[in-house]
Every structure is written in C-alpha cells, then in structure tokens.
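Notes to accompany the following structure.
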Amino acid sequence: MLRRLLTPRWLGALLLACLYAVAAYHLGHWQYGRHLAKVERNERISAHYNAAPVPAQSVLSASPLPIGQEWTKVSARGSYGAERLVVRGRTLDGDVGYDVLAPFTLDTGSVVLIDRGWIPLGEKGAADVPAYAPPPAGDVTVTGWVRPGEKSRDKATTPGQIASISLADASKALGHPLLGGYVQLEQDGVTGTTTTPPAPAPLGRPDRSLGAHQAYAFQWWMTVPLGFILIFFGVRREGDATASTPRPPKVKKTRIWDEEDE
C-alpha cells in the first residue's frame, strides 16, 4: 500500500487533501469567530440596553466609539440642526426605506449624529424621499443608544442621501465634524407620536439571533480528515482490485526438433 501511495497520482491526491484540510480548519475558525462576536454583542446588549441612561458626553468623544460601549443608553441636552440627511437602502420588518439622520448640537458645542428612525420609500422610487416630521425645535432632551459608525460604501450619492451610516460620509454631507459614534434614538418628543407628516418609525430592539455560525464551524472541522479518509479507502480498493486480478499463465516453451538433433 505504501508503494502505491507514493505514485504520482496518489501523491497529487495527498497534496489536495492537505490543502483542503488547512482550508477547512481556517474556515471553521472564521465561522466560530463570527459566533463569538455575536455572543459578545448579546452580552453588550444585555448589559446596556435597559440600563439607566448616562450623559452622552461620558461615552462619546472625537475618537471612534469603543465596541465595548456599543448599546450604552445615553441622554443628551441640546438642539437639532436644520440640515436633513437620509440613509438609503435600510430595512424595517422586511420593508426597504430610509433611516432619517439629523445633527444634534450638545450643550458642550459638540455635534452628534442622531438616527431618528425609519421611513418608507416614496412612490417614485429611491430618489423620491417622502415627507416626514421634522425634529422638535429649541432645546430638547434626547435619549437613545450609542452605536459605532458603519463602513463607507464609497458610492456616489444623491444630495441629502448617503449609502451607510458612515460618520465620515455624514460629516462631509452635513458640513461639520461629528463625534465618534451616533445615537439610535429612543425618544425626542416627536418620534413615536402621531404627526402630519408622520414621524420616523422607531427602529425597534436590536437583533440578538446567533445564527448557524457555530454549527458551520463544527461542520468544517469535522471534514478536515475527509480527504485522507477517501485516499485511504481508494488506495486499499486499488490494492484489492490488483490482488484479485488473475495472472496470465506461463507459456511453456516447446523445443522443435530438427535433423541436426538426430
């Protein structure tokens, strides 16, 4: 069996089995890492979501929001700016629409981005943003949960729209710097009330599902030895087939007599 395994055909199969084993090992770790990230996210939600709000200035700064502070409930006193901005391609309960963003100037003078909620698409498509209730005027107190900014999608945008809640893109669109995280609004005196035009719909509780990443990780790891197992049975089967093949009988040589032998 060892001699047969060292033939070029089976050595090539061994190389492929090794490559697959390494790939399956790393893919399993990638899926398990995604599972652990969701477990940590759920722990942050459990620790922060229903807690008493803390001052926004104690959590947000010019630096990017640390992931461990995500979903911290905060309150802030200040006023909304006049600029309007929406994020296209956002979903709520399976429907596609926009998230409504607005700058909020704190008493300290810093500006934080507020995600006020969701509105549906207009009747004329994505470029037609329907009317929605403006934020309250004057000094107000808002409460909500801090979130880190999203990655920019680097797409060309329509004025007044961006493709993701990228703080850099929002800052460029609004024309002034923003703090290193945004606030998903719970209440500002308008959201959740009946107005004409309607106020943005609250975004609801965060997703806590873990998905199937852990199961996928175990599936990848279980297939690590698969290639070697197939090679073992393939080599053994080839050996059994060779052993069971009858050898051709030896041809007996017959001497031909001629006159010189007499």
Side-chain angles (χ1 to χ4, degrees), residues 41 44 48 53-92 96-119 121 126-191 199-203 206:
R41 176 205 63 191
R44 291 194 299 272
H48 299 314
V54 299
Q57 297 92 323
S58 67
V59 180
L60 293 171
S61 67
S63 301
L65 179 74
I67 192 64
Q69 296 295 325
E70 184 182 22
W71 294 111
T72 299
K73 193 171 186 178
V74 297
S75 64
R77 183 76 181 173
S79 59
Y80 282 102
E83 302 91 343
R84 299 292 179 263
L85 188 64
V86 297
V87 189
R88 62 176 183 262
R90 312 296 282 198
T91 59
L92 182 67
V96 180
Y98 312 88
D99 275 13
V100 175
L101 307 179
F104 187 81
T105 303
L106 304 175
D107 290 341
T108 59
S110 300
V111 180
V112 61
L113 189 67
I114 303 288
D115 186 343
R116 298 184 57 223
W118 180 89
I119 57 174
L121 289 175
D128 177 29
V129 180
Y132 55 88
D139 286 345
V140 294
T141 298
V142 301
T143 59
W145 300 272
V146 292
R147 304 290 309 279
E150 299 173 358
K151 293 182 65 174
S152 174
R153 295 186 179 180
D154 296 323
K155 293 183 177 180
T157 58
T158 303
Q161 298 184 26
I162 55 177
S164 68
I165 309 181
S166 161
L167 297 177
D169 291 349
S171 176
K172 181 178 179 181
L174 294 171
H176 45 69
L178 300 170
L179 292 178
Y182 72 95
V183 175
Q184 180 178 311
L185 188 65
E186 179 190 38
Q187 185 57 255
D188 64 0
V190 172
T191 300
L203 296 179

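It should be emphasised that the depicted structure is a prediction, and the values quoted were computed from it without experimental measurement.
- Pairing each heavy atom of G68 with each of H48, the nearest pair is O-NE2, 3.3 Å.
- In terms of heavy-atom proximity, L167 sits nearest to L113 at CD2-CD2, 4.1 Å.
- S166 pairs by the side chain to side chain contact (heavy atoms under 4.5 Å, CB included) definition with S152, S164, A168, D169, not counting sequence neighbours.
- Using modelled atom types, one finds no donor on one side chain facing an acceptor on the other under 3.5 Å when comparing Q187 with T143.
- The salt bridge (charged side-chain N to carboxylate O under 4.0 Å, His left out) test applied to R44 returns E70, not counting sequence neighbours.
- For S63, the side chain to side chain contact (heavy atoms under 4.5 Å, CB included) partners two or more places apart in sequence, or in a different chain, are S61.
- L179 approaches S110 most closely through the heavy-atom pair CD2-CB, 3.8 Å.
- Pairing each heavy atom of R88 with each of Y98, the nearest pair is CA-CD2, 3.8 Å.
- One finds a salt bridge joining E150 and R90 here, because a Lys/Arg side-chain nitrogen approaches an Asp/Glu carboxylate oxygen to under 4.0 Å.
- Between the side chain of S171 and the backbone N or O of H176, at least one donor-acceptor pair lies under 3.5 Å.
- Across S79 and D139, no two heavy atoms sit closer than the pair CB-OD1, 4.1 Å.
- When all heavy atoms are compared, the tightest approach of L85 to A173 is CD1-CB, 3.9 Å.
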